[in-house]
Amino acid sequence: MTEFRTSTEIGSNLRRLLYAARTSPQRWPGGRLTQERLAGRIGCTPTWYRKIENGGTDTAATATVCDICQVLGIDPATLRVLGYNDLAAVLAEREEMGTQV
């Protein structure tokens, strides 16, 4: 298993990516996935997810951020481009193992 930090720093570029993926009309029937529905799919409260996406927290558990990326269909290559190499490695490992949220 990949060694990784237990928490991930969430910068503005990652926040923008999460928002863009969540609100993309090409990804979601009806135009977008709400913060409430996404939170329910990853097992956190809507308030916590809003903090992640809107800047109310600077870090989140790496597993939670991976869960979000999996639900939103964000791939490891995109995370690497943004400089999130540790997160990309964990997400890639999950994909290799077939682990889904």
Side-chain angles (χ1 to χ4, degrees):
M1 179 163 259
T2 303
E3 293 289 325
F4 65 94
R5 295 184 183 129
T6 57
S7 65
T8 297
E9 191 171 317
I10 304 170
S12 60
N13 54 357
L14 181 57
R15 292 180 206 286
R16 284 192 297 273
L17 176 64
L18 297 177
Y19 176 79
R22 186 181 60 75
T23 60
S24 171
Q26 292 81 23
R27 291 179 189 238
W28 309 108
R32 69 183 193 144
L33 180 66
T34 65
Q35 289 178 331
E36 291 77 14
R37 290 190 99 175
L38 177 57
R41 289 177 76 175
I42 63 167
C44 75
T45 66
T47 301
W48 179 241
Y49 181 76
R50 272 192 283 283
K51 285 181 179 182
I52 292 170
E53 189 177 292
N54 298 333
T57 185
D58 294 331
T59 62
T62 299
T64 300
V65 181
C66 277
D67 291 348
I68 294 166
C69 290
Q70 281 189 298
V71 169
L72 294 177
I74 296 169
D75 65 1
T78 301
L79 295 172
R80 282 188 196 94
V81 167
L82 295 176
Y84 289 91
N85 296 322
D86 290 346
L87 184 59
V90 174
L91 188 57
E93 186 170 286
R94 280 186 178 193
E95 289 178 358
E96 268 183 35
M97 295 172 55
T99 307
Q100 292 294 316
V101 178

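In this text, all values refer to a predicted model and were calculated from it rather than measured experimentally.
- Shortest non-hydrogen contact noted between Y49 and I42 is CD1-CD1, 4.5 Å.
- When each of Q35, R15, R16 is paired with E53, the side-chain hydrogen bond (donor to acceptor under 3.5 Å, both in side chains) condition holds for Q35 and for no other.
- Across E95, R94, R41, a single residue satisfies side-chain hydrogen bond (donor to acceptor under 3.5 Å, both in side chains) together with Q70, and that is R94.
- By the 4.5 Å heavy-atom criterion applied to side chains, L17 and T78 are counted as neighbours.
- The hydrophobic cluster containing W48 also contains I68, counting ILVMFWY residues as joined when their side-chain heavy atoms lie under 4.5 angstrom apart, directly or transitively.
- The two residues P76 and A88 make their nearest non-hydrogen contact at O-CB, 3.4 Å.
- Closest non-hydrogen pair, I74 versus L91, comes out as O-CD2, 3.3 Å.
- In terms of heavy atoms, W28 sits closest to A21 at NE1-O, 2.9 Å.
- Applying the 6.0 Å contact sphere to CD of E9 captures no more than 12 heavy atoms from other residues, nucleotides or ligands.
- Atom SG of residue C69 and atom CG of residue L87 lie 5.0 Å apart, to the nearest 0.5 angstrom.
- Residues L14 and L79 meet the side-chain proximity criterion, which asks for heavy atoms closer than 4.5 Å.
- Residue V71 is grouped with residue Y84 when hydrophobic side chains (ILVMFWY) are merged at heavy-atom distances under 4.5 angstrom, including chains of intermediate members.
- Distance check: D58 CG to I52 CD1 gives 11.5 Å after rounding to the nearest 0.5 Å.
- Residue-environment remark: CZ (R80) exceeds the threshold of 12 foreign heavy atoms within 6.0 Å.
- Atom CG of L18 is separated from atom CD1 of I10 by 7.5 Å, given to the nearest 0.5 angstrom.
- No donor-acceptor distance shorter than 3.5 angstrom exists from the side chain of R22 to the backbone of L72, with no hydrogens or angles considered.
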